[in-house]
Amino acid sequence: TVIPGYMRTKAFEAGGWKAPFFLISSPKKSAQIIKKIIKSKKEIVYINFFWRIIMMIINFIPKKIYKKLKF
């Protein structure tokens, strides 16, 4: 499973969406990372390292508390 996060594409920019620069990956960089990952045979891969940190924090939140949060 590849989790790329936000990608800097024409559609993203045309949509007028805003995201912090450290959450956005370029398609070229993402393709290079995916190429390396295919050889390593990992199951879950985050293209942008920051997303790994975000998901790790979310996974530590107990389920009862997470359900009460309004994301």
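By convention here, the first residue in the shown sequence is residue 1.
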Go through the steps for Val2 and Ile34 under the test side-chain contact (heavy atoms from CB on, under 4.5 Å), then give the verdict.
CA-CA 8 Å; Val2 177; Ile34 290 170; 4.0 Å; yes
Test of understanding: with side-chain contact (heavy atoms from CB on, under 4.5 Å), list the residues that count as partners of [X], not counting sequence neighbours.
X	value
Phe60	Met56
Lys28	Ser26, Gln32
Met55	Tyr46, Ile58
Ser30	Met7, Ser25, Ile47

How long is the gap from [atom1] on [X] to [atom2] on [Y], to the nearest 0.5 Å?
X	Y	atom1	atom2	result
Lys68	Ile61	NZ	CD1	13.5 Å
Asn48	Ile53	CG	CD1	9.0 Å
Ile38	Ile33	CD1	CD1	12.5 Å

Going by the rule ring pair (Phe, Tyr, Trp, His ring centres under 6.0 Å), which residues pair with Tyr6 if we only count those two or more places apart in sequence or in a different chain?
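Ring pair (Phe, Tyr, Trp, His ring centres under 6.0 Å) check on Tyr6 returns Phe12, Trp51.
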Determine, stepwise, if the pair Ile44 / Ile3 fulfils side-chain contact (heavy atoms from CB on, under 4.5 Å).
CA-CA 8 Å; Ile44 299 176; Ile3 303 168; 3.9 Å; yes
